[in-house]
Amino acid sequence: MIHGLLAVCFCTPAAWAEVPTVTMQAVAGSIGGVPMMIIEGEGLDERYGFKGKFEYLPSDGLFQNFLIGNSDIAMDNDLLGVAIARAEGFDVSAFYPVGNLYLGIVVPGSSEARTPEDLKGRKVGHFGADSGTTAFIRLIVQEIYGFDVLEDYEMSQVGPGALVQLLAQSEVEAIFNFEGFVSEAMVATGGRYLLQAHADYAKHNNGFAPWITNMVAHEEWMQANPALAYAVRDAYDEAIRLLEDSNYEILRKPYIAEALGMTDPAVLDQMIENGNTYGYFTNDWSEEKRTAALEFLGKLAEDGSVIEEVPDGTLISLEDTIGPRP
C-alpha cells in the first residue's frame, strides 16, 4: 500500500533556494535506479518538499561513496552490503525496500533444462561467488532443490555484461544475472528464466523473498533529518505507483530508456514484460517481511561464505528509529 499524503510544494524561486537538498545515489544504467529516475524525471522531489541531487555512479566503489558520506541515501544497495558495513562499524541501515529479486538463472530457448537440477555438471556463467546475485541464487537453490551450485555446476566467471555474450555464443548453458542483462540475454537467445529468484523463492517460502536493493541511510542523517527521510520515502512510494499504474510502460519515457541504455526496442519490450510478470519493485516493509529478511540473512551468516553475522540495526523502520512522521 502506498503511504503518505501528496505534499505539493508551491515555491517561489527565493523559497525554493532554501528547500533542503537530499543527495541520492544509484547504479548508473541499473534497473534498481528506475524509481530514482522517476523521482527526478517527474519532479517528485519538489512535490514532496525537498530538492534532490541525483547521482548515477558506476557500481565499482558505489557503496563506499555512500559510506564515506558523499550521499545521504543509497537507493540501490543490497542487505548483504549493509550487514557487512555495520559489522565494520558504519552506522548505516536499510529503512525501506526497493527492488524485488529481479534476477535468476537464464537459459536459451533451445535448452532442454526444466529445473536447476538439470544443469548439474554443466557450464554456468556468473560474476562472482561473493556477489549478491550469486549468493542469493545459491541459497535459494539449496533450500528448494537441496544442492550447492558452486559444487555441482562448472562455474565460469566473467562480468555481468559479458555473460550475455557467453550465453549467446553457447559458451555456457545458463547464466546467473539480473535485469536488464536478463532481458538482453532473453532477446539474444530466445531465452527464459529457469529460476526467477523472487517468484520461485516466494512460492517456496510462504510468500516471502528478500529484496535485491534497498533504501539505505546513515542513522545520524535520519535522526537529524526525520522529515526528509519520510519525504524521500513518500516520493519513492509515488514513483512505484506511477510504475504500476502504467504497467511499467513508463520505462519507455526517453529519460528512463536512455538512462538504462535501452537502444534495442525488443530488450525494452522484454524488460517491461518481465516487470509486469514478476513485479520488480515493492514498498512492503511490514514487520513480518523484515523479520523474514533477517532470518534469510541469518542463513547466509550460518553458511559464513559471504557474511558471518547480522548486526543489530541492519534493517529498521523509520517509525521505530526516528519516531512518528514530524
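Everything quoted here is computed from the prediction, not taken from an experiment. All values below were derived from every heavy atom in this structure, side-chain atoms included, with hydrogens, water molecules and symmetry-related copies excluded.
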Visitor: Before accepting this row, confirm whether a basic side-chain N of the pair K53/D45 lies closer than 4.0 Å to the acidic partner's carboxylate O.
Guide: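 Salt bridge flag = no for D45 with K53.
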Visitor: Does S286 offer a backbone N or O that forms a donor-acceptor pair with the side chain of D284 under 3.5 Å?
Guide: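 Yes; judged by distance alone, with no hydrogens or angles, the pair exists.
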Visitor: Of all heavy-atom pairs between E309 and A87, which one has the smallest distance, and what is that distance?
Guide: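 Minimum heavy-atom contact is OE2-CB, 3.7 Å.
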Visitor: Is any side-chain heavy atom of D320 closer than 4.5 Å to one of I316?
Guide: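 No, every pair of side-chain atoms sits at 4.5 Å or beyond.
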Visitor: Side chain of N283, backbone of D237: donor and acceptor closer than 3.5 Å?
Guide: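 No, the answer is negative, given that no donor and acceptor are paired below the 3.5 Å cut-off.
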Visitor: Nearest 0.5 angstrom please: L167 CG to E184 CD, how far?
Guide: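 Reported to 0.5 Å precision, the distance equals 12.0 Å.
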Visitor: With sequence neighbours left out, what residues match Y193 under ring pair (Phe, Tyr, Trp, His ring centres under 6.0 Å)?
Guide: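 In terms of ring pair (Phe, Tyr, Trp, His ring centres under 6.0 Å), with neighbours along the sequence ignored, Y193 is linked to Y278.
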Visitor: Roughly how far apart are L103 CG and I175 CD1, rounded to 0.5 Å?
Guide: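 It is 11.5 Å, given to the nearest 0.5 Å.
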Visitor: Does the side chain of F50 come within less than 4.5 Å of T21's, by heavy atoms?
Guide: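 Heavy-atom side-chain distance check fails, nothing below 4.5 Å.
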Visitor: Main chain of L242, side chain of S246: is a donor-acceptor contact present, judged purely on distance under 3.5 Å?
Guide: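 Side chain of S246 to backbone of L242: a pair is present.
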Visitor: Determine whether more than 12 heavy atoms belonging to other residues, nucleotides or ligands lie under 6.0 Å from atom CG of D245.
Guide: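 Count over threshold, so yes.
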Visitor: Check the pair Y56 / V27 against side-chain contact (heavy atoms from CB on, under 4.5 Å), numbers first and verdict last.
Guide: CA-CA 5 Å; Y56 302 90; V27 177; over 6 Å; no
Visitor: Can you confirm whether or not the ring centre of F296 sits under 6.0 Å from the ring centre of F136?
Guide: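 F296 vs F136: aromatic centres under 6.0 Å.
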Visitor: What are the two closest non-hydrogen atoms of A293 and L79, and how far apart are they?
Guide: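 That closest heavy-atom pairing would be CB-CD1, 4.2 Å.
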Visitor: Any chance you could measure Y145, atom OH, to D152, atom CG, to the nearest 0.5 Å?
Guide: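 Reported value, rounded in 0.5 Å steps: 14.0 Å.
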Visitor: Name all pairs fulfilling the side-chain hydrogen bond (donor to acceptor under 3.5 Å, both in side chains) condition that reach into residues 23-32, sequence neighbours left out, sorted by first residue then second.
Guide: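 Applying side-chain hydrogen bond (donor to acceptor under 3.5 Å, both in side chains) to every pair that reaches into residues 23-32, excluding sequence neighbours, yields Q25-N65, Q25-S71, S30-D76.
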Visitor: For E219, check side-chain hydrogen bond (donor to acceptor under 3.5 Å, both in side chains) against everything at least two apart and list the hits.
Guide: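 side-chain hydrogen bond (donor to acceptor under 3.5 Å, both in side chains) check on E219 returns nothing, list empty.
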Visitor: Strictly by side-chain hydrogen bond (donor to acceptor under 3.5 Å, both in side chains), give each pair with a member in residues 108-124 just once, sequence neighbours left out.
Guide: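 side-chain hydrogen bond (donor to acceptor under 3.5 Å, both in side chains) check on residues 108-124 returns R122-E173.
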Visitor: Can you name the ring pair (Phe, Tyr, Trp, His ring centres under 6.0 Å) partners of F95, sequence neighbours left out?
Guide: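 Once residues adjacent in sequence are excluded, F95 has no partner under the ring pair (Phe, Tyr, Trp, His ring centres under 6.0 Å) criterion.
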Visitor: Are I105 and P116 close enough that some pair of their side-chain heavy atoms sits under 4.5 Å apart?
Guide: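 Yes - at least one pair of side-chain heavy atoms lies under 4.5 Å apart.
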Visitor: Look at the side chain of Y248 and the backbone N and O of Y280, then say whether any donor-acceptor pair between them is shorter than 3.5 Å.
Guide: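 Yes, Y248 side chain to Y280 backbone: donor-acceptor pair under 3.5 Å.
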Visitor: Would you say E220 has more than 12 foreign heavy atoms packed within less than 6.0 Å of its CD?
Guide: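 Open: at most 12 neighbouring heavy atoms sit under 6.0 Å from CD of E220.
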Visitor: Who passes side-chain hydrogen bond (donor to acceptor under 3.5 Å, both in side chains) against D148, sequence neighbours left out?
Guide: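 side-chain hydrogen bond (donor to acceptor under 3.5 Å, both in side chains) check on D148 returns R138.
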Visitor: Just do the salt bridge (Lys or Arg N to Asp or Glu O under 4.0 Å) check on R290 and E288 with the steps written out, would you?
Guide: CA-CA 6 Å; R290 296 197 307 273; E288 179 184 11; over 6 Å; no
Visitor: If hydrophobic clusters are built from ILVMFWY residues whose side chains come within less than 4.5 Å, do I256 and L57 share one?
Guide: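 No; tracing contacts between hydrophobic side chains, which count when under 4.5 Å, never links both residues.
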Visitor: Just to verify, what does A266 make a side-chain contact (heavy atoms from CB on, under 4.5 Å) with, not counting sequence neighbours?
Guide: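 side-chain contact (heavy atoms from CB on, under 4.5 Å) list for A266, sorted by chain: V187, D264.
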Visitor: Apply ring pair (Phe, Tyr, Trp, His ring centres under 6.0 Å) to F147 and list each qualifying residue two or more places apart in sequence or on a separate chain.
Guide: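 Counting only residues at least two positions away or on another chain, F147 forms a ring pair (Phe, Tyr, Trp, His ring centres under 6.0 Å) with Y153.
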Visitor: Using 0.5 Å steps for rounding, measure from the CD atom of E151 to the CD atom of Q142.
Guide: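 Going from CD on E151 over to CD on Q142, the span is 8.0 Å.
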Visitor: Quick check against the 3.5 Å criterion: does R192 have a side-chain atom that pairs as donor or acceptor with the backbone of M186?
Guide: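 Between the backbone of M186 and the side chain of R192 there is no qualifying donor-acceptor contact (under 3.5 Å).
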Visitor: Taking all heavy atoms of V34 and all of F281, pick out the closest pair and write down the distance.
Guide: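 It is CB-CZ, 4.1 Å.
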Visitor: Assess whether salt bridge (Lys or Arg N to Asp or Glu O under 4.0 Å) is satisfied between E143 and K299, documenting all intermediate values.
Guide: CA-CA 10 Å; E143 285 203 26; K299 294 172 184 176; 2.9 Å; yes
Visitor: Specify the closest pair of heavy atoms between P20 and L228, including all atoms of both residues, with the distance to one decimal.
Guide: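 Answer, listing the atom of P20 first, then L228: CG-CD2, 3.6 Å.
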Visitor: If you measure from CE on M75 to CE on M215, what distance do you get to the nearest 0.5 Å?
Guide: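 Going from the CE atom of M75 to the CE atom of M215 covers 4.5 Å.
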Visitor: Begin from the C-alpha positions of V141 and I137 and carry the test side-chain contact (heavy atoms from CB on, under 4.5 Å) through to its verdict.
Guide: CA-CA 6 Å; V141 170; I137 292 173; 4.1 Å; yes
Visitor: Do F176 and F127 have side-chain heavy atoms sitting under 4.5 Å apart?
Guide: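 They are not in contact (no side-chain heavy atoms under 4.5 Å apart), so the answer is no.
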Visitor: Inspect the contact between R233 and E319 and indicate whether a charged nitrogen and a carboxylate oxygen are less than 4.0 angstrom apart.
Guide: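 Result for this pair is yes, salt bridge flagged.
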Visitor: Under a single-linkage rule joining Ile, Leu, Val, Met, Phe, Trp and Tyr whose side-chain heavy atoms are separated by less than 4.5 Å, which residues share a cluster with F90?
Guide: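 Joined to F90, directly or through intermediates: F63, F66, L67, V82, V92, V216.
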Visitor: Please determine whether side-chain contact (heavy atoms from CB on, under 4.5 Å) holds for the pair N77 and T213, giving the CA-CA distance in whole Å, both sets of side-chain angles, and the decisive distance to 0.1 Å.
Guide: CA-CA 5 Å; N77 286 100; T213 54; over 6 Å; no
Visitor: Applying salt bridge (charged side-chain N to carboxylate O under 4.0 Å, His left out), which residue pairs with at least one partner in residues 250-259 are found, sequence neighbours left out?
Guide: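 Of all non-adjacent pairs touching residues 250-259, those that pass salt bridge (charged side-chain N to carboxylate O under 4.0 Å, His left out) are E42-K253, E249-R252, R252-D269.
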Visitor: Which atom pair, heavy atoms only, marks the closest approach of I240 to P35?
Guide: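 Heavy atoms only, the tightest pair is CG2-CG, 4.4 Å.
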Visitor: If you round to the nearest 0.5 Å, how far is CG of N177 from CG of L166?
Guide: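 So the CG of L166 and the CG of N177 are separated by 10.5 Å.
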Visitor: Does E295 have any side-chain hydrogen bond (donor to acceptor under 3.5 Å, both in side chains) partners at least two apart in sequence or in another chain, and if so, which?
Guide: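 For E295 there are no side-chain hydrogen bond (donor to acceptor under 3.5 Å, both in side chains) partners, ignoring immediate neighbours.
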Visitor: Identify, with sequence neighbours excluded, every residue that meets side-chain hydrogen bond (donor to acceptor under 3.5 Å, both in side chains) alongside H126.
Guide: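 For H126, the residues satisfying side-chain hydrogen bond (donor to acceptor under 3.5 Å, both in side chains) (neighbours in sequence not counted) are T134.
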Visitor: Can you confirm whether Q157 is buried at CD, in the sense that more than 12 heavy atoms of other residues, nucleotides or ligands lie under 6.0 Å from that atom?
Guide: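 It does: Q157 CD has more than 12 such atoms within range.
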Visitor: Should the heavy atoms of other residues, nucleotides or ligands under 6.0 Å from CD of E287 be counted, would the total exceed 12?
Guide: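 No.
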Visitor: Any side-chain heavy atom of I212 sitting closer than 4.5 Å to one from N100?
Guide: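 Sidechains of N100 and I212: no contact.
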Visitor: Under a 3.5 Å distance rule, please check whether D200 uses its side chain to pair with a backbone N or O of Q196 as donor and acceptor.
Guide: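 Yes.
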Visitor: Are N274 and T277 close enough that a side-chain donor and a side-chain acceptor fall under 3.5 Å?
Guide: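 No, no side-chain donor-acceptor pair sits under 3.5 Å.
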Visitor: At their closest point, which heavy atom of I307 faces which heavy atom of L297, and how far apart are they?
Guide: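 The pair with the smallest heavy-atom distance is CD1-O, 3.7 Å.
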Visitor: Hey, mind stepping through W211 and L101 against side-chain contact (heavy atoms from CB on, under 4.5 Å) and telling me if it holds?
Guide: CA-CA 6 Å; W211 312 278; L101 290 175; over 6 Å; no
Visitor: Hey, does the side chain of E179 reach the backbone of S183 with a donor-acceptor pair shorter than 3.5 angstrom?
Guide: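 Here the side-chain-to-backbone pair exists.
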Visitor: Stepwise, does the ring-ring contact (aromatic ring centres under 6.0 Å, His included) test hold for Y102 with F178?
Guide: CA-CA 6 Å; Y102 43 76; F178 59 92; 7.2 Å; no
